[in-house]
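All remarks here apply to the structure that follows.
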Amino acid sequence: MISGFESIQLTTLILIVVAGFAAGWVDAVVGGGGLIQLPALLLVPGITPVQALATNKMGSIFGTTTSAVTYYRRVGPDLRTAIPMAVIALAGSFGGAILAASLPASVFKPIIVLALIAVAIFTALRPNAGELTALRHDGHKHYVVACLIGAVIGFYDGLIGPGTGSFLIIALVSAMGYAFLEASAKAKIVNMATNAGALIFFLPHGSLLWGVGLVLGLANMAGGYLGARTAVAKGSSFVRIVFLLVVAALIIKLGMDVWNENFAS
């Protein structure tokens, strides 16, 4: 097993801890913490992209588990919807991770950027969306829609990753009628499962930097706990504002990736 501490400097380790805490906070509120965490991990000397992805998942699962438990205690999301959705998402994430090993993420990034722009426009033009829970479906249709969302976004998380929590939240708000706060609570349970699905794929390949991952996980836990408490205290309006900021950051980050991969000389 590789710890990741073999040649790491103290300043780099401190940056990883700070990034892990900030990522945990952002993930707990709206998702998208990978935007902060992954670049910090790439500062580790000699780390490969696959090791960075695997170690990021290890750190994130600590934070999503902590925030999921915190949300459950304070918001009480409906587990009859969240658990089947999470199980399907875990399987989807595992499948996405398998495909990610043979297919470059750059193939999908332009589509993801367009989807994020549509999400941002939808959220900005509908300020009342997600203020209160008003479920759009009932009976079996409710669970079918939930499981479809879990499968698609779980697959995306295993394949590419950034913005999974944000996509889960907007899907739960727009397609199912949940308020932003309750959507965020459910998203944490599902995101915990998608992280686990990707980790199940990465573990046998020896891609994890165990030491760095544990340090990152502890920082992520602290940020996740604080982020969940902040979201619960501030309510759906606060979650919506942070959501728009994170989606804007995702559009800029992935848009720059697409430009650099296709147009930069």
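For the pair Leu181 and Arg74, the minimum side-chain heavy-atom distance is 4.5 Å or more. Between Thr164 and Asn195 there is no side-chain heavy-atom pair separated by less than 4.5 Å. Looking at Lys186 and Asp78, their side chains come closer than 4.5 Å, going by heavy atoms from C-beta outward. Met221 is listed as a side-chain neighbour of Leu218, based on a closest heavy-atom distance under 4.5 Å.
The same ILVMFWY cluster, assembled from side-chain heavy atoms under 4.5 Å apart, contains both Val247 and Val258. Neither Leu250 nor Ile241 shares a network with the other; the hydrophobic side chains, linked directly or stepwise wherever heavy atoms of I, L, V, M, F, W or Y lie under 4.5 Å apart, form separate groups for each. If you chain together hydrophobic residues whose side chains sit under 4.5 Å apart, Leu41 and Ile14 never meet in one group. Connection of Phe94 to Leu53 is established within a shared hydrophobic cluster, with ILVMFWY side chains joined at heavy-atom distances below 4.5 Å, either directly or through further cluster members. Val26 is not connected to Ile189 by any chain of hydrophobic side-chain contacts under 4.5 Å among Ile, Leu, Val, Met, Phe, Trp and Tyr, and they are in different clusters.
Shortest non-hydrogen contact noted between Thr64 and Met192 is OG1-CA, 3.6 Å. Taking every heavy atom of both residues into account, Leu90 and Ala196 meet most closely at CD1-CB, 4.1 Å. Contact record, Gly34 with Pro39: O-CD, 3.7 Å, taken as the closest heavy-atom pair. Ser67 and Ala28 make their closest contact through CB-CB, 3.7 Å (heavy atoms, listed as atom of the first residue, atom of the second, distance). Between Gly46 and Gln51, the shortest heavy-atom distance links the atoms O-OE1, 4.0 Å. Between Ala193 and Ala86, the shortest heavy-atom distance links the atoms CB-O, 3.2 Å.
Taking CE from Met58 and CG from Leu209, the interatomic distance works out to 9.5 Å, rounded to the nearest 0.5 Å. A distance of 11.5 Å separates CD1 in Ile61 from CG in Asn56, rounded to the nearest 0.5 Å. Separation of atoms CG (Asn220) and CD1 (Ile16) is listed at 12.5 Å; rounding is to 0.5 Å. To the nearest 0.5 Å, atoms CD1 (Ile169) and CD (Glu182) are separated by 12.5 Å. One finds the OG1 atom of Thr55 at 9.0 Å from the CG atom of Leu199 (value rounded to the nearest 0.5 Å). Atom CZ of residue Phe21 and atom CD1 of residue Ile36 lie 11.0 Å apart, to the nearest 0.5 angstrom.
Counted by atom type alone, Asp27 and Gln37 present zero donor-acceptor pairs between their side chains at under 3.5 Å.
Taking Phe167 as the reference, Tyr156 meet the ring pair (Phe, Tyr, Trp, His ring centres under 6.0 Å) condition, with sequence neighbours excluded. Shown here are the ring pair (Phe, Tyr, Trp, His ring centres under 6.0 Å) partners of Tyr71, two or more places apart in sequence or in another chain: there are none.
Formation of a donor-acceptor pair under 3.5 Å by the His137 side chain with backbone atoms of Ala175 is found in this model. The backbone N or O of Val30 lies less than 3.5 Å from a partner atom in the side chain of Ser166, making a donor-acceptor pair. In this structure, Thr12 contributes its side chain and Val44 its backbone to no donor-acceptor pair below 3.5 Å. At least one donor-acceptor pair under 3.5 Å links the side chain of Thr194 to the backbone N or O of Asn191. A distance-only check finds a donor-acceptor pair linking the side chain of Thr66 to the backbone of Phe62 [under 3.5 Å].
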Subject >> Chi angles and distances behind the side chain to side chain contact (heavy atoms under 4.5 Å, CB included) call for Leu168, Met85 >> reply: CA-CA 11 Å; Leu168 281 168; Met85 192 176 176; 4.0 Å; yes

Original post:
Yes or no on side chain to side chain contact (heavy atoms under 4.5 Å, CB included) for Leu38 and Lys253, after CA distance, side-chain angles and deciding distance?
Top reply: CA-CA 12 Å; Leu38 266 175; Lys253 168 63 171 63; over 6 Å; no

**OP:** Determine, stepwise, if the pair Thr81 / Tyr178 fulfils side chain to side chain contact (heavy atoms under 4.5 Å, CB included).
**Re:** CA-CA 12 Å; Thr81 301; Tyr178 284 105; 3.7 Å; yes

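Heavy-atom contacts from other residues, nucleotides or ligands closer than 6.0 Å to CZ of Arg136 number more than 12. Other residues, nucleotides and ligands place more than 12 heavy atoms under 6.0 Å from the CZ atom of Phe238.
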